[in-house]
Each structure stands twice: as structure tokens, then as C-alpha cells.
Amino acid sequence: MRIILLIAGLICSSCVAMAQQSAAFTKISTDDGMGLNSNVIYSLQEDARGFIWVGTGNGLQRFDGSKFVTFTTSPGQGDILPDAPLTQIVAIDSGKLLLLFGTIRQFGLFDPSTFTYRKTPLKVARPIPARAQFHLWTTAAGDVYLTVLRYGILVYDKNGRAFSETTRFNIPKNWTPSLAGVFEDVA
């Protein structure tokens, strides 16, 4: 029995050693001159052109493989992008990015082709609780939803560019959806 355990241990340790040899990582920080504006990263999203959009503790940045570019929007070109923690970035079917600034309760649509940002309103029937948390998610069909802790689920209207209440989910009375995650079984 000891010989079998010894052989299994040697096989596992050699597999781990081989896996460690094949992985390569580059540590990027605010000190290396690449332009990262915060060491706190909340969200990453790759677009169709291969750019990596980064939700940092200080707003939106784009990484092109060698440097970071920070985005803000000047007045007259749309709304101003907040200099706040960008907790989620979700790509929608038009190539635009839906942004969630959870700590300041702001949602918006960023167009990477024109670099414009427009705030997205929440159209709700009752007040959202003061300490509510938010989570964006999409379905395989491309529908975008916003789960609001202690409130419910809102759907994103792509034409109206707003989140509103939905009756698509039959949540029992006195139940609230969790932010732990939403999983879709497409089969």
C-alpha cells in the first residue's frame, strides 16, 4: 500500500512540476511605467479587436498589449466617465461595453469606436435599498440583466438604453435573488 501511495505521489509531483514550467506570467503594476492607474483590478473584458478593457479602482482603461490608456469623456461628447471603482464590464452585441460603477450606483454604455459614454438609468417602481449591491449578467441569447440585492432582477432594454423591471422570472414572494452568481443551462 505504501508503494502505491509513493508512486501516486511521485506522479502528481511530476505533473505539477511540468505544469509550472509551461506557464509564464508578467506582473504589471502602477510602478512599471505601462500606465496602469490602479493596482486594484475589478473586471476585464476583451473586445472584438483584441483590446483588453480593464475596470480599475480608478475607472476605465484599455490595454493594447504594451501600454494602458485611461478613458474619460469631456463634456459635449457625452457624460463624464467616473473616476471611481469600475466593478463590472459586460460586452453587448453591438460591440459596446456596459459599465457598472457599483460604489457610486452608476451604470452606463461606453462606445469603444467613438469613445463616448452615456449614463444608463434604472426605471424602477420602488426605491432601491440603500445598501444594495449589483451584478450584471448576460444570457446565451444576448439579453442583459442586472441583479439588485434585496430588490430583484432588472432587464436591459437595448432600444431604450435603460434597466427596467421584468416579469421573466417567477421569484416567489419574499424571496430575493442572490449575487452569488447566475448560471444558464443552455441545453
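Remark: F68 CZ to M34 CE distance equals 5.5 Å, nearest 0.5 Å. For the atom pair CG (N39) and OG1 (T56), the distance works out to 10.0 Å, reported to the nearest 0.5 Å. Within the model, atoms CG of L154 and OG1 of T120 stand 12.0 Å from one another, a figure rounded to the nearest 0.5 Å. Distance check: I104 CD1 to T87 OG1 gives 9.5 Å after rounding to the nearest 0.5 Å. With rounding to the nearest 0.5 angstrom, the CG atom of N37 is 3.5 Å from the CD atom of Q61. One distance of note links CG of L86 with CH2 of W53; it measures 11.0 Å at 0.5 Å rounding.
Summarising the geometry of K158 relative to G142, their closest heavy-atom pair is NZ-O, 2.8 Å, with the distance given to 0.1 Å. A pairwise comparison of heavy atoms in K123 and A162 identifies CE-CB, 3.8 Å as the closest pair. Taking every heavy atom of both residues into account, Q88 and H135 meet most closely at OE1-CA, 3.3 Å. When every heavy atom of D143 is checked against every heavy atom of Y145, the shortest pair comes out as CB-CE1, 3.6 Å. Across E46 and G50, no two heavy atoms sit closer than the pair OE2-CA, 3.6 Å. Taking all atoms of both residues into account, the shortest heavy-atom contact from R168 to V155 is NH1-CG2, 3.5 Å.
Under the 4.5 Å side-chain contact rule for hydrophobic residues, V54 and V40 do not share a cluster. Placement of L97 and F71 within a single hydrophobic cluster is found when ILVMFWY residues are connected by side-chain heavy-atom separations under 4.5 Å, directly or transitively. V90 and L44 fall into different hydrophobic clusters, where Ile, Leu, Val, Met, Phe, Trp and Tyr side chains are chained together by heavy-atom contacts under 4.5 Å. Under a hydrophobic-cluster definition in which Ile, Leu, Val, Met, Phe, Trp and Tyr are linked whenever side-chain heavy atoms come within less than 4.5 Å, directly or via other members, V124 and L146 are assigned to the same cluster. Two different hydrophobic clusters hold L149 and L100 under the rule that ILVMFWY side chains link at heavy-atom gaps under 4.5 Å.
The shortest side-chain heavy-atom distance between L36 and I41 falls under the 4.5 Å cut-off. Proximity of P85 to Y42: side-chain heavy atoms (C-beta onward) are separated by under 4.5 Å at one or more points. Looking at heavy atoms from C-beta onward, V148 lies out of side-chain contact with L122 at the 4.5 angstrom threshold. Two residues are said to be in side-chain contact when any heavy atoms from C-beta on lie closer than 4.5 Å; L99 and L81 meet this criterion. You'll find the side chain of R118 stays beyond 4.5 Å of the side chain of K96, heavy atoms only. The shortest distance between side-chain heavy atoms of W137 and I153 falls below 4.5 Å. Y117 has its side chain within reach of P82: a pair of non-hydrogen atoms, C-beta onward, lies under 4.5 Å apart.
Under a 3.5 Å cut-off, the side chain of S43 and the backbone N or O of G55 do not form any donor-acceptor pair. Remark: the backbone N or O of R131 is paired with a side-chain donor or acceptor of R150 at under 3.5 angstrom.
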| query | Given the rule in the side-chain contact (heavy atoms from CB on, under 4.5 Å) test, do T138 and L98 qualify, once you have shown the distances and angles that lead to the verdict? | reply | CA-CA 11 Å; T138 60; L98 201 52; over 6 Å; no
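Ring pair Y156/F163 is tilted by interplanar angle, where 30° to 60° counts as tilted. Note: F115 and F110 have tilted aromatic rings, judged against thresholds of 30 and 60 degrees for the angle between ring planes.
Heavy-atom contacts from other residues, nucleotides or ligands closer than 6.0 Å to CZ of R62 number more than 12.
Between F107 and F134, the ring center distance clears the sub-6.0 Å criterion.
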